[in-house]
Amino acid sequence: MAVGGSSEVRLGHIGKHRFLAAIEPWHGNQAVVYVPDQEAWKRIVLEDTMDNGHALAAGDLDGDGRDEIVWGFRGKGFKVSVFQATDARGERWRKTVLDDGGIAAADCVIADFTGDGRPDILAIGASTHNLKLYENLGK
């Protein structure tokens with residue numbers, strides 16, 4: 001684990017396999033995933049360019065039985081991104097930028113906010129003083 005611990009940690013699943021997503025160190029620059037590796041956990045750094053990482057959520061956005069990870073940061077160059085596992089163990093991930101500069105994300109949650117049966121993403125901005133709903137329109 002990074003020096004300074006983790007500021008946010010979320011449990012996710014890829015099928016029956018668990019993973020932990022975290023922002024490290026405390027409000028740091030790294031988006032990391034921990035996947036089971038026999039009797040221990042394997043740490044995988046997905047990104048190390050965040051500035052003041054603060055928003056983190058995990059949930060199955062596309063209904064495929066694999067949780068995606070939403071990460072956001074509120075420092076310089078703020079963004080909100082979605083990471084999707086590209087393998088069955090969660091050791092490889094693909095990043096998609098959801099919002100580039102529109103919100104300095106202090107937190108985010110995944111839930112069905114529109115009542116259509118699909119999970120959406122809601123983020124709250126710190127210095128941007130805003131709240132953004134990213135509606136899941138499906139495929």
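This chain uses plain numbering: 1 for the first residue, then up along the sequence.
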*Do any N or O atoms from the side chain of D67 and from the backbone of H13 form a donor-acceptor pair under 3.5 angstrom?*
yes

*What's in the same ILVMFWY side-chain cluster as L98, cut-off under 4.5 Å, chained through other members?*
L61, V70, V80, V82, I103, I110, I121, Y134

_Checking the side chain of T86 only, and the main-chain atoms of R94 only, is there a donor and an acceptor separated by less than 3.5 Å?_
no

*Indicate yes or no: at least one non-hydrogen side-chain atom of E68 is less than 4.5 angstrom from one of D62.*
yes

*Heavy atoms only: give me the nearest A55-A105 pair and the separation to one decimal.*
CB-CB, 3.7 Å

*Connected via hydrophobic side-chain network under 4.5 Å: L20 and M50*: no

*Quick one: closest heavy-atom pair of A58 and G12, and the distance?*
CB-CA, 4.3 Å

*After noting the C-alpha distance and the side-chain angles of L122 and L131, does the key distance pass the side-chain contact (heavy atoms from CB on, under 4.5 Å) rule?*
CA-CA 7 Å; L122 183 70; L131 183 71; 3.9 Å; yes

*asked:* Nearest 0.5 angstrom please: R92 CZ to I44 CD1, how far?
replied: 9.5 Å

*Residue pair N136 / G138: nearest heavy atoms and the distance that separates them*: OD1-N, 2.9 Å

*Look at the side chain of D60 and the backbone N and O of G63, then say whether any donor-acceptor pair between them is shorter than 3.5 Å.*
yes

*Residues two or more places apart in sequence or in another chain: which of them pass salt bridge (Lys or Arg N to Asp or Glu O under 4.0 Å) with D87?*
none

_side-chain contact (heavy atoms from CB on, under 4.5 Å) involving D116 - partner list, sequence neighbours excluded_ = D112, T114, R118, E135

*Whether D48 side chain and Q30 backbone form a donor-acceptor pair below 3.5 Å*: no

*Do the side chain of N130 and the main chain of G102 share a donor and acceptor less than 3.5 angstrom apart?*
yes

*Check whether I23 and L46 end up in the same hydrophobic cluster, where Ile, Leu, Val, Met, Phe, Trp and Tyr are linked by side-chain heavy atoms less than 4.5 Å apart.*
yes

_Is there a side-chain contact (heavy atoms from CB on, under 4.5 Å) between D99 and K79? Walk through the geometry before answering._
CA-CA 6 Å; D99 193 319; K79 290 182 179 74; over 6 Å; no

*Can you list every ring-ring contact (aromatic ring centres under 6.0 Å, His included) pair that touches residues 93-118, not counting sequence neighbours?*
F19-W93

*Sequence neighbours left out, what pairs pass ring-ring contact (aromatic ring centres under 6.0 Å, His included) with at least one residue falling in residues 50-72?*
H27-H54, W71-F83

*Go through R89 and I14 one step at a time and tell me if the side-chain contact (heavy atoms from CB on, under 4.5 Å) criterion holds.*
CA-CA 7 Å; R89 292 191 32 85; I14 299 174; over 6 Å; no

_Cluster overlap L11 with W41, hydrophobic side-chain contacts below 4.5 Å_ = yes

_What verdict does the side-chain contact (heavy atoms from CB on, under 4.5 Å) test give for Q84 and R66, after you've listed the backbone C-alpha separation in whole Å, the side-chain angles of each residue and the deciding distance to 0.1 Å?_
CA-CA 8 Å; Q84 183 176 39; R66 297 172 158 206; over 6 Å; no

*Using a strict 4.0 Å threshold on nitrogen-to-oxygen distance, state whether D51 and K76 make a salt bridge.*
no

*Tell me whether V45 is reachable from V9 by hopping between hydrophobic residues (I, L, V, M, F, W, Y) whose side-chain heavy atoms are closer than 4.5 Å.*
yes

*Kindly write out the residues that satisfy salt bridge (Lys or Arg N to Asp or Glu O under 4.0 Å) with D120, not counting sequence neighbours, or none if the list is empty.*
none

*Residue of the set K42, R18, R43 for which side-chain contact (heavy atoms from CB on, under 4.5 Å) holds with Y34*: R43

